[in-house]
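What follows is a single structure, written as structure tokens, with notes after it.
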Amino acid sequence: MRKFLKWYASLSIFLKCMIATVVTFLILLIIFNVIQWWIIEETSESLEEKTLKDMAERLLHELDEEKSDASDVRPFLKYYVDKYEYDGLEINILDRSGQIVKQSTAQDWSSFIQHQVVNKEFSSIETYQGNEYTVLRIPIENNYEVYTVEYVKKNDVFHTIYQNSIYTLIIPFLVAMVLSLLVGLFLSRQFVGQIHELVDDVSQIQMKGLMHRLKIKHGKDELNQVRTVFNDLLDQVEDTMDQQKRFIEDASHELRTPISVFKGHLQMLNRFGKSNPEILDDSLMRMTKEIGHFEHMVQDLLLLSRLEHLQMDVNLPTQNLTVLVKEVTERFSVIDDEIIFDCQCDEICQVKIMPEHFIQLLTIFIDNGLKYTTTSPKKICIQLHQETASVILRVRDFGIGIPEQELMHITKRFFRVDKARSRSMGGVGLGLSIANQIVEKYGFQMAFESTVNEGTTVMITMPAG
């Protein structure tokens with residue numbers, strides 16, 4: 001079945017290429033022949049008229065050489081008609097009154113050509129029974145008489161040229177068409193071969209898994225670009241799956257701890273805690289603490305999920321971040337009056353952002369700073385300045401700091417530098433993940449600087465509103 005599909009795909013592509021080639025050449029052939037016909041027709045009419053004018057000039061030249069008087073003109077004109085007439089050309093000599101002095105005997109087109117006496121050169125195109133005729137009339141003046149020489153020529157130069165040229169034009173076109181068919185066949189086979197190779201590579205990915213990649217060849221053709229884009233897509237899919245796997249493992253680990261605590265205390269209460277008030281109170285206190293920790297983790301996970309699917313409004317309100325900084329610091333001061341805030345903020349720093357999102361960001365940074373500061377009193381330094389096109393927010397704490405090799409991982413979910421200490425402090429490792437998600441949604445830039453035992457600084461760069 002697979003071989004049949006490959007054969008069918010090859011035949012289909014080949015037929016499409018051939019049909020496109022043939023149709024293109026036919027259209028070009030028709031257009032070229034129409035243009036050629038028009039050019040030859042226009043050229044032939046000029047040639048016909050030029051031929052008759054040359055004959056008229058020859059007549060005038062011979063008359064001038066003869067220098068004959070009136071008695072000699074008529075015999076000379078009759079002689080001229082007999083000498084130069086031929087099939088397809090009629091020469092008529094008219095006198096002053098329009099009477100025919102001499103007429104060609106090769107043919108008589110007087111049935112549709114009306115003889116006219118002229119006093120200056122005059123040419124026209126006459127049509128009769130589908131044929132075109134060039135008519136040229138010139139006056140010949142003599143001392144005693146005026147004659148009109150009338151040339152009537154059938155326009156057969158066009159047909160002669162066209163008939164002779166059409167074969168020389170069609171044959172190269174036919175040769176070019178055959179060559180194009182052969183080239184199209186060759187290219188289609190090459191193209192189909194690359195498609196088959198691409199299908200085989202994709203099948204290998206299906207059998208071997210996402211670790212396998214398509215082979216990138218030299219060159220910049222479209223299929224090679226498809227291979228590159230497909231490999232990039234596989235990298236993203238694999239990275240997403242790895243992140244999902246790590247997230248499930250970390251979440252399972254975080255959930256396992258409170259479940260183990262609940263199970264242990266419930267077993268202890270079931271054995272001998274029912275009659276011991278001290279054990280009962282201690283177990284209830286510990287389980288209540290774990291429930292709070294569990295509830296906080298669930299809320300953070302729900303917030304992360306909402307942020308991932310958040311659609312940003314194009315008409316965001318402009319906020320003065322200085323007012324929001326003051327609001328957040330006042331909330332923390334109410335909770336703990338020993339916190340020292342060193343705020344260095346411009347009076348107006350406007351950014352397009354939802355106020356709850358900025359409050360969430362600042363709360364996460366301040367909460368982390370307080371959580372990992374062991375000295376007392378705890379101090380947080382906040383700087384907010386507006387530059388030419390940006391607003392810069394810096395939040396610095398004076399806590400335990402973060403090792404340099406760990407800085408690149410701190411925004412990952414459930415990541416904690418010191419897991420044991422972080423859990424005792426109530427953290428679940430989701431705060432900076434939430435902050436990173438907010439920053440990415442708004443297109444802001446976030447950077448961290450940290451020194452162990454000296455503190456950590458986070459800097460957010462936001463476009464000024």
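Sequence positions, counted from 1, serve as the residue numbers for this chain.
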Next item on the list: Before giving the answer on side-chain contact (heavy atoms from CB on, under 4.5 Å), spell out for F444 and I353 the whole-Å C-alpha distance, their side-chain angles and the decisive distance to 0.1 Å.
Entry: CA-CA 11 Å; F444 299 162; I353 187 174; 3.8 Å; yes
Next item on the list: Dump the intermediate steps for side-chain contact (heavy atoms from CB on, under 4.5 Å) on D397 and F365, then the final yes or no.
Entry: CA-CA 9 Å; D397 63 61; F365 299 146; over 6 Å; no
Margin query: Walk me through whether E90 and K153 qualify under salt bridge (charged side-chain N to carboxylate O under 4.0 Å, His left out).
Written below: CA-CA 6 Å; E90 178 180 298; K153 188 177 187 307; over 6 Å; no
Next item on the list: For side-chain contact (heavy atoms from CB on, under 4.5 Å), just list the numbers for S124 and E126, CA-CA rounded to whole Å, side-chain angles, deciding distance to a tenth of an Å, and then say yes or no.
Entry: CA-CA 7 Å; S124 63; E126 305 290 340; 3.4 Å; yes
Next item on the list: Please lay out, stage by stage, how M459 and I392 fare under the test side-chain contact (heavy atoms from CB on, under 4.5 Å).
Entry: CA-CA 7 Å; M459 181 177 71; I392 309 298; 3.7 Å; yes
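Here the closest non-hydrogen pair linking I359 and T363 is O-OG1, 2.6 Å. Taking every heavy atom of both residues into account, D95 and V117 meet most closely at O-CG2, 3.6 Å. Closest approach of V118 and P139 over heavy atoms only: O-CB, 3.5 Å. A pairwise comparison of heavy atoms in Q103 and N92 identifies CG-OD1, 2.9 Å as the closest pair. Scanning all heavy atoms of the two residues, the minimum distance from L407 to S450 falls at CD2-CB, 4.0 Å. Here the shortest heavy-atom pairing between V391 and Q350 reads CG2-O, 3.9 Å.
Within the model, atoms CE of M55 and CD1 of I138 stand 10.0 Å from one another, a figure rounded to the nearest 0.5 Å. For the atom pair K102 NZ and Y147 OH, the distance stands at 14.5 Å (nearest 0.5 Å). Between atom SG of residue C349 and atom CD of residue E387 there is a gap of 10.0 Å, rounded to the nearest 0.5 Å. Here T329 contributes atom OG1 and D342 contributes atom CG; the two are 11.5 Å apart, rounded to the nearest 0.5 Å. Expressed to the nearest 0.5 Å, how far CG of L393 lies from OG1 of T461 amounts to 9.0 Å. The line from NE2 of H385 to OG1 of T322 is 10.0 Å long, rounded to the nearest 0.5 Å.
With T148 as the fixed residue, the side chain to side chain contact (heavy atoms under 4.5 Å, CB included) test singles out one of V101, L94, N119: L94.
Contacts classified as salt bridge (Lys or Arg N to Asp or Glu O under 4.0 Å) and involving residues 355-366 (residues at least two apart or in different chains) are not found.
Using modelled atom types, one finds a donor on one side chain and an acceptor on the other under 3.5 Å when comparing E440 with N436.
Within 6.0 Å of atom CD in E347, 12 or fewer heavy atoms from other residues, nucleotides or ligands are found, so the atom counts as exposed in its surroundings. Counting non-hydrogen atoms of neighbouring residues, nucleotides and ligands closer than 6.0 angstrom, the CD atom of Q116 exceeds 12 such neighbours. For Q383, the CD atom sits in a packed shell: over 12 heavy atoms of surrounding residues, nucleotides or ligands are nearer than 6.0 Å.
Ion pairing of E449 with R396 is absent here, as no side-chain N (NZ or NE/NH1/NH2) approaches a carboxylate O to less than 4.0 Å. Using a cutoff of 4.0 Å between basic side-chain nitrogens and carboxylate oxygens, R331 and E327 are scored as salt-bridged.
Residues R394 and Q344 fail the side-chain proximity criterion, which asks for heavy atoms closer than 4.5 Å. Side chains of I366 and L362 form a contact here, defined as non-hydrogen atoms less than 4.5 Å apart.
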